[in-house]
Amino acid sequence: MPATAAKDRVLDALNEPQLEAATHGDGPLLIIAGAGSGKTTTLVHRVAQLIDAGVAPQRILLLTFTRRSAADMLSRAQRVLPKNRNSGRVWAGTFHGTGARLLRMYGEAIGLNPRFTIHDRGDSEDLMRSLVVELKLNKDDKKFPKKGTLMAIHSFSVNAGRTLNQVLKSNFSGHAARQGPLKKLFTAYERRKQQLAVFDYDDLLVRWCELLEHDEVGSRIRERFDHVLVDEYQDTNPLQSRLLKLLRPDGRGLTVVGDDAQSIYSFRAATVRNILDFPKQFPKARVVKLEQNYRSTEPLLAASNQVIAAAREQYKKKLWSDRREGSRPQLITCHDEDEQSEFIVGRILDHKKAGIPLREQAVLFRASHHSISLETELARHNIPFVKYGGLKFVEAAHVKDLMSFLRLAENPRDVVAGTRVLTLLPGIGPKKASQLMEMLAVPDADFQLWAATKPPAKAKQLWPGFLIMMQELMEQGGNMPGQIERVLEFYQPLLAEQYDNPDRRLADLEQLQQIAAKFDERTEMLSDLTIDPPTSESELPGAAKDRDHLVLSTMHSAKGLEWQAVYVLHASEGMIPQERSFDDVDAVKEERRMFYVALTRAANWLYVCHAQVHFQRSGYGGWNRWDDDGFRELTRFLSPGAQQCFDRQTASQFVPPDSLVTSQSKSRSPRKSTRKKRKSRPVRQG
DNA sequence: CTGTTGAAATTTTTT
DNA sequence: ATTTCAACAG
């Protein structure tokens with residue numbers, strides 16, 4: 001490689017394996033990157049190095065797990081690059097987002113309607129449900145799976161590239177007897193989506209594959225890119241693997257990065273086989289391992305290493321850190337959930353006092369509702385927080401309503417959007433809505449077709465205005481806030497009547513209007529908000545950016561992130577691993593990896609809490625469903641060996657770790673402390 | 001057919 | 001809490 005000054009700048013500060021990965025040529029490359037080993041840094045430098053070496057940015061495709069991480073990586077690459085090089089034109093985004101983009105560009109060439117609309121999971125479930133009713137599949141089968149399960153089965157089958165029969169046997173054995181009706185349903189579902197010009201999430205990958213399999217279009221796309229880099233490769237599924245193989249048949253220019261120990265998305269058909277078999281699939285692949293952890297102190301790493309040691313699949317790695325100093329992780333036994341919440345709030349305030357801002361602290365949990373008690377406690381103490389995971393802004397009923405108006409204008413054949421909108425009108429129910437939507441199932445349909453129909457008496461008043469609005473929207477391009485304003489004029493009275501809390505909901509819609517201002521085109525806005533919706537309040541406009549927020553997150557959504565202080569909630573049997581995975585060996589393995597992911601998010605302080613008495617609660621409800629006494633054992637993932645890496649304490653007699661007392665504001669590593677040996681406190685057992 | 005009410009059953013993670 | 005179904009009134 002040429003030893004230019006620019007080159008040095010792009011590559012300095014990398015360790016040896018990182019450097020090797022960043023400067024590797026264009027043969028297939030697998031980077032096994034342990035937790036906190038500078039995976040992102042390496043990927044960023046590789047991208048920068050490629051650009052610096054003269055690869056045109058638009059000929060690089062960077063596939064990441066979220067849009068946010070794509071944006072982060074590009075801006076980091078820009079910071080590394082000399083001024084005259086620009087990373088802005090790199091194709092960066094999620095698999096699904098990139099699929100949508102390519103399908104808009106090339107879809108017509110293989111006979112797809114380029115104005116397709118995209119269904120989110122809820123929309124897909126609605127369509128599935130309407131087909132169940134249409135085909136009368138639940139008439140004399142009261143236990144027929146619900147829409148959510150139906151989509152899960154179908155989606156898994158598509159993403160895993162396995163037949164319905166196989167999927168039923170392996171993952172949904174309870175419904176194995178329903179193979180016939182399910183097959184019929186899914187065939188109808190596929191056909192219906194085609195007729196309606198709607199894509200579900202899976203279609204964005206499936207159709208992308210079809211683009212690549214097309215002789216002419218496929219070559220054009222392949223020739224577009226010199227390099228394809230994939231982040232979080234351990235969480236890709238067989239369909240995505242097939243996609244990559246089609247994109248880079250001989251593996252040239254293909255780089256994948258991941259950690260088999262952090263694979264936690266098997267419910268989406270992700271499989272560690274992809275990363276484990278990469279060298280088999282591309283025999284010339286170079287494998288580089290990153291084993292030095294820069295994130296966590298040695299005492300924290302020792303604990304997480306213990307947890308994962310019992311589970312390593314392949315790619316043995318020895319993660320090590322030279323951040324010797326720091327307090328041991330704390331394993332805290334709480335009597336019940338309330339004590340756990342109080343304890344965590346106390347520690348959060350301690351850390352804040354010691355100079356760790358809230359945004360550098362995170363509470364992690366297995367399931368979204370595990371944090372409800374804590375959220376109440378945080379509110380009582382006026383501690384601001386943002387929550388990742390759980391219900392999203394765009395999934396709120398009123399936001400979906402408004403988006404459906406726009407989606408119907410975009411694609412009048414979109415029955416799901418149409419039905420949603422039409423049934424908002426008084427006097428129109430599913431039956432009438434479906435009749436009306438059938439009228440639009442013709443080429444070049446517009447809303448004039450409805451002018452001749454007589455609306456039900458109750459809808460008479462609204463009907464003419466509704467038609468005019470829809471027609472205008474359909475013919476209008478751009479000015480997204482204006483389009484939303486137009487819908488609001490019509491929708492606001494309906495909203496006030498239909499929902500409680502109309503004022504708050506209206507405020508949400510005004511927020512949506514602000515989001516919309518960032519988009520030039522409706523197509524773009526609808527696609528983007530469906531594929532990459534804002535994941536927390538902090539990503540919405542109007543959020544006080546400078547306000548310091550604590551982070552609450554599911555373990556899934558915490559992937560790839562790090563904080564100075566991390567609190568893990570409910571480290572007990574039944575919570576993690578969650579009870580439903582008990583009799584599935586592979587599921588329990590995945591729960592372990594999830595726990596490992598949670599522990600390895602911490603840089604300096606780690607508190608793992610477990611409540612001894614806790615009644616499992618169902619969803620958001622408040623009633624106990626279990627007949628047991630509520631007693632919870634510590635999670636099996638903290639074996640006696642792992643426990644020795646922790647200081648064990650009870651919440652009621654807690655003594656803070658020394659490092660916190662001496663730590664300084666903004667310092668990343670805790671001050672060297674004159675640590676006194678402190679005996680772990682005995683904890684009541686049984 | 002629409003819209004409401006009540007009863008019974010459910011149980012995670014997310015592009 | 002939410003989803004689904006059935007029964008019933010208008």
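Order of the sequence lines fixes the chain letters, A, B, ..., with proteins taken first and strands second; residue numbering starts at 1 for each chain.
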Under 4.0 Å, counting only non-hydrogen atoms across every strand here, what does [X] touch: a base, just sugar-phosphate, or nothing?
X: A/Tyr265; answer: sugar-phosphate
X: A/Ile428; answer: sugar-phosphate
X: A/Asp120; answer: nothing
X: A/Pro456; answer: nothing

Contact under 4.0 Å: [X] side-chain N or O vs [N] OP1/OP2:
X: A/Thr554; N: B/dT14; answer: yes
X: A/Lys142; N: C/dA6; answer: yes
X: A/Asn138; N: C/dT4; answer: no

Worksheet item: With distance as the sole criterion, do the side chain of A/Arg580 and the base of B/dT11 form a donor-acceptor contact below 3.5 Å?
Response: no
In whole Å, I'd like the distance from the [atom1] atom of [X] to the [atom2] atom of [N].
X: A/Leu569; N: B/dT12; atom1: CG; atom2: C1'; result: 15 Å
X: A/Asp235; N: B/dT15; atom1: CG; atom2: P; result: 12 Å
X: A/Leu239; N: B/dT14; atom1: CG; atom2: C1'; result: 16 Å
X: A/Gln234; N: B/dT15; atom1: CD; atom2: P; result: 15 Å
X: A/Glu125; N: B/dT14; atom1: CD; atom2: P; result: 14 Å
X: A/Lys143; N: C/dC5; atom1: NZ; atom2: C1'; result: 14 Å
X: A/Phe65; N: B/dT15; atom1: CZ; atom2: P; result: 7 Å
X: A/His556; N: B/dT14; atom1: NE2; atom2: C1'; result: 8 Å

Discussion item. Can you work out whether A/Gln435 or A/Ser155 has the more 5'-proximal nearest nucleotide on DNA chain B?
Written reply: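 The residue whose closest nucleotide sits nearer the 5' end is A/Gln435.
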Worksheet item: Between A/Arg366 and A/Tyr201, which has a closest nucleotide on DNA chain B that is more 5'?
Response: A/Arg366
Under-4.0 Å salt bridge between [X] and [Y]:
X: A/Arg636; Y: A/Glu591; value: no
X: A/Lys39; Y: A/Glu232; value: yes
X: A/Arg420; Y: A/Asp123; value: no
X: A/Arg121; Y: A/Glu395; value: no
X: A/Arg522; Y: A/Glu410; value: yes

Discussion item. Taking 5.5 Å and 30° as the limits, would you call A/Phe267 and the base of B/dT13 a stacked pair?
Written reply: yes
Please tell me which of the listed nucleotides, [options], lies nearest to the side chain of [X]?
X: A/Lys431; options: B/dT2, B/dT13, B/dT15; result: B/dT2
X: A/Arg129; options: B/dT2, C/dT4, B/dT12; result: C/dT4
X: A/Lys146; options: B/dT10, B/dT13, B/dC1; result: B/dT10
X: A/Ser557; options: B/dT2, B/dT14, B/dT10; result: B/dT14

Discussion item. Exactly one of A/Arg366, A/Glu337, A/His370, A/Arg632 should register a side-chain hydrogen bond (donor to acceptor under 3.5 Å, both in side chains) with A/His570. Which one does?
Written reply: A/Glu337
